[in-house]
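The structure under discussion appears below in the form of structure tokens.
Throughout, numbering of the chain's residues begins at 1 and tracks the sequence.
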Amino acid sequence: MTEFYKMTENCLKCEKFASIAVCIVICTLVIDQQTRFLRTANRGYVKSSLLVGQQMETEDIGLQRRMFDTLRAVPGVTSIAFGELEPDPHSQTRTNFAYTSPGGAVEAQLLQDRISPGYRETYRPRVLAGRWFDSAHGQDASPLPGESANTTRNVILNEKAVRAYGFGSPAEAIGKVLHMDKTQYEIIGVISDIRFGSPRETVPPEILTFSTLTHRGFDNPVPAVRFKDVPRSVMAERLNRAWRTLRPDIASNFVPADELMEPYYAGDERRGHLFTMGAVAALFIACLGLYGLAAFAAARRFHEIGIRKTLGATSPQIIRLLVHDFLRPVLLACLIACPVAWVLMRQWLSEFDERIALNPAYFLIGISGAVIIAVLTVLGQTLRLAQVEPARALRAEG
């Protein structure tokens, strides 16, 4: 009876570690796929061959123009743009803009970004409807100093802003007019959402205005450069050297957009590594438990197997019987682990604005892996027990 209780206790411990192991394996698979998805997800701009610099920390329009021309003249540069927002933005300005729809006034708080010529060629956002800014259109540029506020300026919205005002499609927004104080803003284009912030946060409704750097400067612009036919490190050094000719007092740091966004992804990737190590440790402990349980059961069932073989049972039949018995605690552990992992991962994924679907394949892979590992772990003991001579087993019992 004591041995029976001991075996039962060992089975419960084995199920416990197997449940933990399977749960961690499923969570690891989901976390790994989510982090991969975030790395490769479309952010609304083209990341390759793009370097983003430091804030200029000046509103001097003359210095801004000289910096723009100096960086554009660097060998290897194909386009350059200024913007007041960048990947992992330093600061963000939000303003309420109103639209008078047939159903009444609609007001939305929009994130503002003022951009320069070359922005489309540099960041390459996708235009969904309308047109892009053009220096030839006078109303595209920001109001001139001293110009009357009772004027109309052209702007571009992102998809989220289009939905915020209740337009049925990007094309429907073209030509509509927004109001802010006494100034009117006509929508001339709609672009796909650009994600400069955390993947856990919703992309805000955004409005783009245009400045030609002719009469009005930017508030601490951030330069972005697209290049080709030059190694990234060489291009960055050329840009940093050009920067120092005009702003030696501020350290420049032209880096890829991914590097600026790294803090948003590093934490989840570290979590994935920790889960991987935890899964390996839990599987190892569960395998040791299964192996010990198999050895204990083999000793207890030695005489039983001899009787079965005397009555005509074949080795494959014995192997199937024993493997089936050993797999029962593993399958029970999977039954416990799956709903726990589903709840944990559903809650974790809900923190992201963009996320993968909680596919049943992750659970099937975790269960299949646990079953295969369990079979391989106990197979040695099972084969030895199934191949024992019946007479020897019966003598051992006597």
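Nearest heavy-atom pair across Leu110 and Leu178 is CD1-CD1, 4.2 Å. Between Thr58 and Gln64, the closest heavy-atom pair is O-NE2, 2.9 Å. Contact record, Cys23 with Leu344: SG-CD1, 4.2 Å, taken as the closest heavy-atom pair. Closest of all the heavy-atom pairs between Pro339 and Leu335 is CD-O, 3.1 Å. For the residue pair Leu50 and Phe227, the shortest heavy atom distance occurs at N-CE2, 3.9 Å. Contact between Pro256 and Arg232 at its shortest, heavy atoms only, is CG-NH1, 3.3 Å.
Around atom CZ of Arg247, more than 12 heavy atoms belonging to other residues, nucleotides or ligands sit under 6.0 Å away. Within a 6.0 Å sphere centred on NZ of Lys228, other residues, nucleotides and ligands contribute 12 heavy atoms or fewer. Other residues, nucleotides and ligands place no more than 12 heavy atoms under 6.0 Å from the CZ atom of Arg36. The 12-atom threshold is not exceeded at CZ of Arg126, counting heavy atoms of other residues, nucleotides or ligands nearer than 6.0 Å.
Taking the side chain as every heavy atom from C-beta outward, Val190 and Val127 never approach each other to under 4.5 Å. The closest side-chain heavy-atom distance from Met67 to Met56 is below 4.5 Å. At a threshold of 4.5 Å between non-hydrogen side-chain atoms, the residues Met180 and Tyr185 count as touching. No side-chain heavy atom of Arg355 sits less than 4.5 Å from a side-chain heavy atom of Leu38. Looking at Ile115 and Thr209, their side chains never come closer than 4.5 Å, going by heavy atoms from C-beta outward. No side-chain heavy atom of Phe97 sits less than 4.5 Å from a side-chain heavy atom of Glu107. Looking at Val155 and Glu186, their side chains never come closer than 4.5 Å, going by heavy atoms from C-beta outward. At a threshold of 4.5 Å between non-hydrogen side-chain atoms, the residues Arg131 and Asn154 count as touching.
Under a 4.0 Å N-O distance rule, the pair Asp193/Arg195 does not qualify as a salt bridge. Under a 4.0 Å N-O distance rule, the pair Arg244/Glu237 qualifies as a salt bridge. Ionic pairing of Arg39 and Asp258 is not present here: no N-O contact between side-chain nitrogen and carboxylate oxygen is shorter than 4.0 angstrom. Ion pairing between a basic and an acidic side chain is recognised when a charged N comes within 4.0 Å of a carboxylate O; Asp69 and Arg66 show no such pairing.
Linking ILVMFWY side-chain heavy atoms closer than 4.5 Å, directly or via other members, places Leu364 and Ile24 in two distinct hydrophobic clusters. Under the 4.5 Å side-chain heavy-atom criterion for ILVMFWY residues, no single connected hydrophobic cluster contains both Val255 and Val234. Connection of Ile365 to Leu358 is established within a shared hydrophobic cluster, with ILVMFWY side chains joined at heavy-atom distances below 4.5 Å, either directly or through further cluster members.
Not one N or O on the side chain of Lys160 forms a donor-acceptor pair closer than 3.5 Å with the backbone of Pro204. Between the Asn42 side chain and the Gly44 main chain, a donor and an acceptor come within less than 3.5 Å of each other. A donor-acceptor pair under 3.5 Å links the side-chain atoms of Gln34 to the main chain of Ile356, judged by distance alone. A donor-acceptor distance shorter than 3.5 angstrom exists from the side chain of Trp243 to the backbone of Ile250, with no hydrogens or angles considered. Looking at Asp353, its side chain never comes within 3.5 Å of a backbone N or O of Pro199 through a donor-acceptor pair. Thr122 places no side-chain N or O within 3.5 Å of a backbone atom of Tyr119 that could act as its donor or acceptor partner. Looking at Asn240, its side chain does come within 3.5 Å of a backbone N or O of Ala236 through a donor-acceptor pair. Under a 3.5 Å cut-off, the side chain of Thr100 and the backbone N or O of Ala105 do not form any donor-acceptor pair. The closest donor-acceptor contact from the side chain of Arg346 to the backbone of Ala341 lies at 3.5 Å or more, if one exists at all. Asn158 places a side-chain N or O within donor-acceptor distance of the main-chain N or O of Glu206, the cut-off being under 3.5 Å.
Using a 30° and 60° split on the angle between ring planes, Phe133 and Phe210 fall in the parallel class, below 30°. Using bins of under 30°, 30° to 60° and over 60° for the plane-to-plane angle, the ring pair Trp348/Phe352 lands in the perpendicular bin.
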Val371 and Leu331: CA distance, side-chain angles, deciding distance, side chain to side chain contact (heavy atoms under 4.5 Å, CB included) verdict: CA-CA 8 Å; Val371 170; Leu331 293 175; 3.9 Å; yes

From CA spacing to verdict: side chain to side chain contact (heavy atoms under 4.5 Å, CB included), Ser252, Leu239: CA-CA 9 Å; Ser252 65; Leu239 293 170; over 6 Å; no

Evaluation steps, side chain to side chain contact (heavy atoms under 4.5 Å, CB included), between Phe363 and Val22: CA-CA 9 Å; Phe363 298 86; Val22 173; over 6 Å; no

CA sep, side-chain torsions, deciding dist, call: Gln112, Thr93, side-chain hydrogen bond (donor to acceptor under 3.5 Å, both in side chains): CA-CA 6 Å; Gln112 290 184 267; Thr93 301; 5.7 Å; no

Side chain to side chain contact (heavy atoms under 4.5 Å, CB included) assessment of Met261 paired with Phe196: CA-CA 8 Å; Met261 299 285 282; Phe196 279 162; 5.5 Å; no

Verdict with reasoning, Thr212 to Ser135, per side-chain hydrogen bond (donor to acceptor under 3.5 Å, both in side chains): CA-CA 7 Å; Thr212 60; Ser135 300; 5.9 Å; no

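Here Asp229 contributes atom CG and Met235 contributes atom CE; the two are 11.0 Å apart, rounded to the nearest 0.5 Å. Ser192 contributes atom OG, which lies 14.0 Å from atom CZ of Arg43 (distance to the nearest 0.5 angstrom). To the nearest 0.5 Å, the span separating NE2 on His179 from NZ on Lys182 amounts to 14.5 Å. Taken to the nearest 0.5 Å, the CG atom of Leu111 stands 10.5 Å off from the CD1 atom of Ile207. Interatomic distance, SG of Cys338 versus CD1 of Ile26, reported as 4.0 Å (0.5 Å rounding). Put simply, CD1 on Ile191 and OH on Tyr123 are 12.0 Å apart, with the number rounded to the nearest 0.5 Å.
Of the candidates Leu157, Ile194, Ile156, Leu208 forms a side-chain contact (heavy atoms from CB on, under 4.5 Å) with just one, namely Ile156. With respect to Phe167, the side-chain contact (heavy atoms from CB on, under 4.5 Å) criterion is satisfied by exactly one of Ile174, Val106, Ile187: Ile187.
The ring of Phe218 has its center no closer than 6.0 angstrom to the ring center of Phe68.
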Could you pull out all donor-acceptor pairs under 3.5 Å where a side-chain atom in residues 80-88 meets a protein atom, sequence neighbours excluded?
residue: Glu84; atom: OE2; partner: Arg114; partner atom: NH2; Å: 3.2
residue: Glu84; atom: OE2; partner: Asp219; partner atom: N; Å: 2.9
residue: Glu86; atom: OE2; partner: His90; partner atom: N; Å: 3.3
residue: Glu86; atom: OE2; partner: His90; partner atom: ND1; Å: 2.3
residue: Asp88; atom: OD1; partner: Tyr264; partner atom: OH; Å: 3.0

